[in-house]
Amino acid sequence: MKVVAVIPAYNEEKHIKGVAERTKKFVDGVVIMDDGSKDSTYEQAKDSGAIVVKLATNMGVGFATRTGIEIALMEGADVVVCLDADGQHDPAEIPKLLDKVIEGYDFVLASRMIDSKGMPYSKRIGNKFISACCGMFFGSRLSDTQTGFRAFTGDAYKKLRIECDGYEVCSEFAYEIVKNRLRYCEVPIVAKYDEWTKFKGTNVSTGVKIFFKILWLRITR
């Protein structure tokens, strides 16, 4: 099977090249979506030898991820792996996800919550709350619905309706996986947090948006 990694990136000039080069060891190709970065992310990504697409403006992680997946499928990917550009996810753990795909799972999500000791307290509490809401409204059995590290088959992805442009896309994935009765599981990972990754990403404001998106999905779909 052909495995292609998709890495959405926004202002990640310090990390993207190293992440891409480490990822290439475990997959057959890498697609990097530069989401309108204002630094040298694009140039650093190109140096890694990956397929790099630069969006004219910052469209959001959901849009960048969705577009990157479509490109990966056009490149002939049987399996797509998504991971973050900031070094929070260790590419060396990709085989753990792929092993579960080989076992027959449609979607495999990497959970930071099974071993969350290194996660900042505010992110840990927020993640538990959002994951609990997804369990309540969607019936998902996931400890970490907000993970950006996941692997899935191309055939499974084509059954999903993914439309969110922002961080809400993670909850949308959880909803669509359950709705379409796909076979899914989680594998534990240890996320790496530094002074950059501790504070970037979701905050209280985005958490509120995610919560209302969960309600919207439950009501309208």
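No experiment lies behind these values; they were computed from the predicted model shown. Residue numbers run from 1 in the order of the sequence given.
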Within-4.5 Å side-chain heavy-atom neighbours: Tyr184 and Phe173: no
Within one Ile-Leu-Val-Met-Phe-Trp-Tyr cluster: Val61 and Ile210, side-chain cutoff 4.5 Å: yes
Parallel, tilted or perpendicular, as decided by the 30° and 60° cut-offs, for the rings of Phe152 and Phe107: parallel
Backbone of Ala20 reached by a side-chain donor or acceptor of Ser48 within 3.5 Å: no
Shared hydrophobic cluster, Ile94 / Ile7 (ILVMFWY, side-chain heavy atoms < 4.5 Å): yes
Heavy-atom side-chain proximity of Ser111 to Ile189 below 4.5 angstrom: no
Gln146-Ser171 side chain donor-acceptor pair, cut-off 3.5 Å: yes
Distance in Å, Ile130 CD1 paired with Lys128 NZ, rounded so as to fall on 0.5 Å steps: 14.0 Å
Pairwise side-chain contact, Phe63 with Leu55, heavy-atom cut-off 4.5 Å (strictly under): yes
Contact check, side chains of Val190 and Lys192, non-hydrogen atoms, under 4.5 Å: no
Donor-acceptor side-chain pairing of Ser143 and Glu186 below 3.5 angstrom: yes
Reported NE2-to-CG distance for the pair His89 and Asp84, which is rounded to 0.5 angstrom: 4.0 Å
Distance, nearest 0.5 Å, that separates CG of Asp78 from CG of Asp28: 9.0 Å
Heavy-atom pair with the smallest gap, counting every atom of Gly60 and Asp35: N-OD2, 2.9 Å
Exceeds 12 heavy-atom contacts within 6.0 angstrom, atom CZ of Arg141: no
CE (Met136) with more than 12 external heavy atoms under 6.0 Å: no
Side chains of Leu182 and Leu160 in contact at under 4.5 Å (non-hydrogen atoms): yes
Donor-acceptor pair between Thr153 and Asp155 side chains, under 3.5 angstrom: no
Trace of the side chain to side chain contact (heavy atoms under 4.5 Å, CB included) decision for Phe149 with Leu97: CA-CA 9 Å; Phe149 194 4; Leu97 279 69; 3.9 Å; yes
Intermediate values then yes/no, salt bridge (Lys or Arg N to Asp or Glu O under 4.0 Å), Glu172 and Arg221: CA-CA 11 Å; Glu172 190 175 33; Arg221 293 192 195 175; 2.7 Å; yes
Lys46 and Glu43 ion-paired at < 4.0 Å: no
Shared hydrophobic cluster, Leu73 / Val79 (ILVMFWY, side-chain heavy atoms < 4.5 Å): no
Common cluster, Leu215/Val208, ILVMFWY with side-chain heavy-atom separation under 4.5 Å: yes
Ile214 vs Cys133, side chain to side chain contact (heavy atoms under 4.5 Å, CB included): CA-CA, chis, key distance, verdict: CA-CA 8 Å; Ile214 290 171; Cys133 289; 4.1 Å; yes
Worked verdict on Glu21 versus Lys17 for side chain to side chain contact (heavy atoms under 4.5 Å, CB included): CA-CA 6 Å; Glu21 289 177 341; Lys17 183 178 178 180; 3.2 Å; yes
Thr57 side, atom OG1; Lys38 side, atom NZ - distance, nearest 0.5 Å: 8.5 Å
Contact check, side chains of Thr67 and Met33, non-hydrogen atoms, under 4.5 Å: yes
Pi-cation contact, Tyr105 with Arg183 (under 6.0 Å, within 45°): yes
Lys54 versus Gly36, closest heavy-atom pair with distance: NZ-C, 4.1 Å
Lys14 NZ: over 12 foreign heavy atoms closer than 6.0 Å: no
Matching residue for Tyr10 among Asn58, Thr41, Ile16 - test: side chain to side chain contact (heavy atoms under 4.5 Å, CB included): Asn58
Connected via hydrophobic side-chain network under 4.5 Å: Val6 and Leu83: no
Residue pair Tyr42 / Asp34: nearest heavy atoms and the distance that separates them: CB-OD2, 3.2 Å
Side-chain donor or acceptor of Lys2 paired with backbone N/O of Val27 under 3.5 Å: no
Val187 vs Val108 side-chain heavy atoms within contact, under 4.5 Å: yes
Interatomic distance, Tyr157 atom OH to Asn180 atom CG [nearest 0.5 angstrom]: 12.0 Å
Heavy-atom closest contact (Lys159 atom, Glu176 atom, distance): O-OE1, 4.4 Å
Whether Arg22 side chain and Pro91 backbone form a donor-acceptor pair below 3.5 Å: no
Straight-line distance of Cys134 SG to Phe211 CZ, nearest 0.5 Å: 10.5 Å
Nearest heavy-atom neighbours spanning Ala156 and Asp106: CB-CB, 3.8 Å
Ile51 vs Ile32 side-chain heavy atoms within contact, under 4.5 Å: no
Thr145/Ser131 under side chain to side chain contact (heavy atoms under 4.5 Å, CB included): CA gap, chis, key distance, verdict: CA-CA 5 Å; Thr145 57; Ser131 296; 3.3 Å; yes
Val4 versus Ala72, closest heavy-atom pair with distance: CG1-CB, 3.7 Å
